[in-house]
Enquirer: 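Here it is, the structure in full.
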Amino acid sequence: MIKIIAQLNKLASDTVFPPVCVNCKSSIPDQKQFLCQSCFDEIRLNSALYCPKCMSRLPGTDKCHDTSYVLAPASRFEAPIPSLIHTFKYKKIEGIGTILCAMLISYLKETGIDLSRYVITFVPLHKSKFRARGFNQAQIIASVVSDYFSLPCLDVLKRVKNNPPQAKTKDFSERIKNISECFQITGPESVSGKNIILIDDVSTSGATLNEISLLLKKYGAQKIIGLVVAKA
Ligand SMILES: [Zn+2]
Ligand SMILES: [Zn+2]
């Protein structure tokens, strides 16, 4: 019975939703490919870390401006990346998560950073948002990346204020205000003395990564890398 239902569902979804590229909507042979070849070919990976303040490329993990973290964006927020991130964020399509994780892993390898002394953590969702969505895309990415590099993945951050999404707050000072005191740390002893890779899907103003990095440093964290799929 289940098999028949699965077949009917497949038939229905193929009929109603023929496979299309999640970015340009052109027809593709199989929905599991998510992107057409030309959109896939548009994906460009970075190879360096950046100063989050002036976006200068950094040599290794050295700093340029005095910032709480260095930014590690695997790519730019340009097509087809926004479509991939958006689809993953709201629909949790595993295959798209795999593409995003593969991008982060290839990029991290390309930077040549010695990751052996790092632990991984991720930007949390407020519990009401987590409940509504059922998952945290940053947590899923963090768990895949940490498994790949055999690094510990710490679940130690809590979002205590459910603020309007960053995209809806326009200017930088408003974003800083919006984000301040949004987060708490639940396992302070586990971050003390550690180098940390803090994962989110996208960095826009950088206010979230900055706020969490300051918090982690307050509890003794050493170097912090803000690892994101893309810098918007
Ligand atoms: Zn396409
Ligand atoms: Zn700088």
Side-chain angles (χ1 to χ4, degrees), residues 13-104 106-108 110-113 137 166 171-173 175-176 179 195-198 200-214 216-217 221-232:
S13 66
D14 281 357
T15 319
V16 184
F17 304 113
V20 289
C21 170
V22 298
N23 183 57
C24 72
K25 314 294 177 215
S26 70
S27 149
I28 52 175
D30 183 347
Q31 197 54 61
K32 290 200 178 77
Q33 292 174 0
F34 307 108
L35 291 174
C36 69
Q37 194 59 47
S38 75
C39 285
F40 194 83
D41 292 342
E42 287 298 311
I43 298 178
R44 298 275 180 281
L45 290 185
N46 291 324
S47 58
L49 279 76
Y50 296 81
C51 170
K53 186 155 189 182
C54 68
M55 286 307 285
S56 298
R57 286 169 64 103
L58 301 175
T61 55
D62 291 350
K63 284 193 177 179
C64 161
H65 284 90
D66 186 22
T67 51
S68 56
Y69 67 102
V70 296
L71 184 63
S75 186
R76 288 190 187 186
F77 199 66
E78 292 171 352
I81 308 299
S83 306
L84 290 176
I85 290 175
H86 189 269
T87 313
F88 184 56
K89 193 170 190 161
Y90 295 102
K91 297 189 182 158
K92 197 193 174 187
I93 297 173
E94 238 172 68
I96 293 186
T98 305
I99 298 175
L100 301 179
C101 291
M103 286 174 60
L104 288 179
S106 311
Y107 160 70
L108 272 181
E110 195 62 34
T111 62
I113 308 163
Q137 72 283 3
Q166 288 286 299
D171 69 83
F172 187 71
S173 59
R175 284 185 176 195
I176 296 282
I179 208 78
N195 291 331
I196 297 178
I197 296 174
L198 170 62
D200 204 357
D201 50 359
V202 182
S203 171
T204 47
S205 68
T208 305
L209 294 176
N210 181 52
E211 175 77 15
I212 295 178
S213 297
L214 290 173
L216 291 169
K217 291 208 157 164
Q222 301 293 303
K223 288 184 177 178
I224 299 177
I225 296 175
L227 177 65
V228 294
V229 177
K231 166 81 176 99

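Each ligand, and each atom within it, is numbered from 1 in the order the structure gives.
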Enquirer: Could you pull out all donor-acceptor pairs under 3.5 Å where a side-chain atom in residues 70-91 meets a protein atom, sequence neighbours excluded?
Expert:
| residue | atom | partner | partner atom | Å |
| --- | --- | --- | --- | --- |
| S75 | OG | R44 | O | 2.8 |
| S83 | OG | N23 | OD1 | 2.8 |
| T87 | OG1 | S83 | O | 2.6 |

Enquirer: Please report the closest heavy-atom contact between L35 and C21, naming both atoms and the distance.
Expert: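 L35 and C21 have their closest heavy atoms at CA-SG, 3.8 Å.
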Enquirer: Can you count the protein N, O or S atoms that lie less than 2.8 Å from the Zn ion (ligand 1)?
Expert: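 Number of qualifying protein atoms: 4.
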Enquirer: Could you go step by step and tell me if L104 and V229 meet the side-chain contact (heavy atoms from CB on, under 4.5 Å) rule?
Expert: CA-CA 6 Å; L104 288 179; V229 177; 4.2 Å; yes
Enquirer: Under the ring-ring contact (aromatic ring centres under 6.0 Å, His included) rule, what pairs show up with a residue in residues 28-67, not counting sequence neighbours?
Expert: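 Every pair satisfying ring-ring contact (aromatic ring centres under 6.0 Å, His included) with a residue in residues 28-67: there are none.
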Enquirer: Quick one: CG on L216 to CD on E211, what's the gap to the nearest 0.5 Å?
Expert: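 Going from the CG atom of L216 to the CD atom of E211 covers 10.5 Å.
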Enquirer: What are the protein N/O/S atoms, named by residue and atom, that sit under 2.8 Å from the Zn ion (ligand 2)?
Expert: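 Protein N/O/S atoms under 2.8 Å of the Zn ion (ligand 2): C51 SG, C54 SG, C64 SG, H65 ND1.
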Enquirer: Report yes if some heavy atom in the side chain of D201 is under 4.5 Å from a heavy atom in the side chain of L100; otherwise report no.
Expert: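 Sidechains of L100 and D201: no contact.
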Enquirer: Atom CD in Q37, atom SG in C39: separation rounded to 0.5 Å?
Expert: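 Spacing of CD (Q37) from SG (C39) equals 10.0 Å.
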Enquirer: What residue among I196, L198, I113 forms side chain to side chain contact (heavy atoms under 4.5 Å, CB included) with I225?
Expert: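 The residue from I196, L198, I113 that satisfies side chain to side chain contact (heavy atoms under 4.5 Å, CB included) with I225 turns out to be I113.
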Enquirer: Show the numbers, then the answer: is there a side-chain contact (heavy atoms from CB on, under 4.5 Å) between Q31 and V22?
Expert: CA-CA 9 Å; Q31 197 54 61; V22 298; 4.2 Å; yes
